[in-house]
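None of these values were measured; they are calculated from a predicted model. Numbers for residues simply follow the sequence, beginning at 1. Hydrogens, waters and symmetry mates are skipped; everything else that's a heavy atom, side chains included, is used. Numbering of ligands and ligand atoms starts at 1, following listing order.
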Amino acid sequence: MDTGVFVQDHAAIRDEIRRLKEERNAILLVHNYQPAEIQDIADLTGDSLELSRAAATMECEVIVFCGVDFMAETAAILSPGKTVLLPAEDACCPMAQMITADELRLVRSRHPGAAVVCYVNTTADVKAGSDICCTSSNAVDVVNSLEEEEIIFVPDQNLARYAQRFTTKKILPWEGFCIVHDRITPAQVQEVKQAHPGAEVLVHPECRQEVIDLADHVASTSGIIKHVCSSAGREFIIGTEVGILHRIRKDCPGKLCYPLAPAAICRNMKKTDLGKVRDSLATLSPRITVPEDIAARARRAIERMLEV
Ligand code: 13P
Ligand code: SF4
């Protein structure tokens, strides 16, 4: 198939993006699950924690967030003076829709002595109703940093149960889950392990406990990448969304990585494309804003996490 025109289009759009970025004093923050061509134009590619930190500290006027809505919202909360753009307006995280602020208030009223830890994959008003946020890379440290002995953990039950392994506190999990990771089964792990018996199995803590039990290492997306790069091993089975493989192959070209579940694709993460990034820089839209009363309370929960 002749893809010459297509490749040429991409090159032209990339040039426009570069020019617009300079004109707008913008930076491109890109999650590890984004399509390859978006990762390749990033100023920073990372996991949720790294991208939140960057949003809070990087010098620029505009942040183009290539990821899903809660990530851009978090950036907007942390950088009220900056324009935050989400090029794929309808890119959302279904897990973040699995709990509302009203539901959180109700569960909180039933456990008045408990602290509320919310995974960063939540809406701004759920963050506003929480004591502290966490990401997949710091959930255990966040839980253990709290004085309270009872912890309401929302919305990811798998991450909550994973954190429970490393604390004596009592964690009360909300029953949300990631529709991509929760589908991965122990049978898939056994099958890929049989095909690659020498490979280390690395999985994301959004996976089910039965899958985690079969893994050699559990980490956030950037934690998985760092582990592959620094391990003496050569072969790895990667149990998370497949977009991560592009970054692993770029960062650690000598390693062999096999997807644990080739169908583990987050459709929302794939909604960004080069044209949308260019258009959003040209029009400064779709812009993500959070009402200041909600943002102020959500900011406390996120900043408390960043201090841990
Ligand atoms: P991390 O990149 O923080 O590991 O999170 C993965 C994720 O669920 C993004 O949706
Ligand atoms: Fe949400 Fe899962 Fe997609 Fe992450 S991979 S954005 S948790 S649906």
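The closest approach between any non-hydrogen atom of Met95 and ligand 1 is not below 4.0 Å. For His31, the heavy-atom gap to ligand 1 drops under 4.0 angstrom. Residue-ligand proximity: Met71 is placed with a non-hydrogen atom under 4.0 Å from ligand 1. Taking a 4.0 Å cut-off on heavy atoms, Asn121 registers as neighbouring ligand 1.
A donor-acceptor contact shorter than 3.5 Å links the side chain of Asp43 to the backbone of Leu28. Listed for the Asn268 side chain is no donor-acceptor partner under 3.5 Å among the backbone atoms of Cys93. Using a distance-only test at 3.5 Å, with no hydrogens or angles considered, a donor-acceptor pair links the side chain of Asn144 to the main chain of Phe166.
Taking every heavy atom of Tyr33 and a limit of under 4.0 angstrom, the matching atoms of ligand 2 come to 5 (S). Short contacts between ligand 2 and Cys93, defined as distances under 4.0 Å to a heavy atom of the residue, involve ligand atoms 1 (Fe), 6 (S), 7 (S). Heavy-atom contacts of Asn121 reach the following atoms of ligand 2: 7 (S) (cutoff under 4.0 Å). Near Pro94, the atoms of ligand 2 lying under 4.0 angstrom from a non-hydrogen atom of the residue are 8 (S). Below 4.0 Å from some heavy atom of Ser220 lie the following atoms of ligand 1, by number and element: 4 (O). Under a 4.0 Å criterion applied to the non-hydrogen atoms of Glu206, ligand 2 contributes the atoms 2 (Fe), 7 (S).
Comment: Lys276 does not engage Asp279 in a salt bridge, judged by the lack of any side-chain N to carboxylate O separation of less than 4.0 angstrom. Salt bridge status for Lys226 with Asp47: absent, with no side-chain N to carboxylate O gap under 4.0 Å. Ion pairing of Glu200 with Lys255 is absent here, as no side-chain N (NZ or NE/NH1/NH2) approaches a carboxylate O to less than 4.0 Å.
If you check the side chains of Asp125 and Thr123, you find a donor sitting under 3.5 Å from an acceptor. Ser285 and Thr283 share a donor-acceptor pair across their side chains, judged by distance under 3.5 Å alone.
Of the polar atoms of Asp47, none of the N or O atoms is found under 3.5 Å from an N or O of ligand 1, judged by distance alone. Close N/O approach between Tyr33 and ligand 1 is not found [any backbone or side-chain N/O within under 3.5 Å].
Between Cys118 and Cys133 the SG-SG gap reaches or exceeds 2.5 angstrom.
Backbone or side-chain N, O or S atoms of His181 do not reach atom 2 (Fe) of ligand 2 at under 2.8 Å. Checking Cys178 against atom 3 (Fe) of ligand 2, every N/O/S atom stays at or beyond the 2.8 Å cut-off.
Closest protein heavy atom to atom 3 (O) of ligand 1: Ser48 OG, 2.8 Å. Taking atom 3 (Fe) of ligand 2 as the reference point, the nearest protein heavy-atom neighbour is Cys266 SG, 2.4 Å.
Considering each of Met269, His204, Glu206, the one bringing a non-hydrogen atom nearest atom 4 (O) of ligand 1 is His204.
Residue-level proximity to ligand 2 for Glu241 is absent, since no heavy atom of it falls below 4.0 angstrom.
In this structure, Lys250 places its NZ atom where more than 12 heavy-atom neighbours from other residues, nucleotides or ligands lie under 6.0 Å away.
Ring pair His227/Phe236 is perpendicular by interplanar angle, where above 60° counts as perpendicular and below 30° as parallel.
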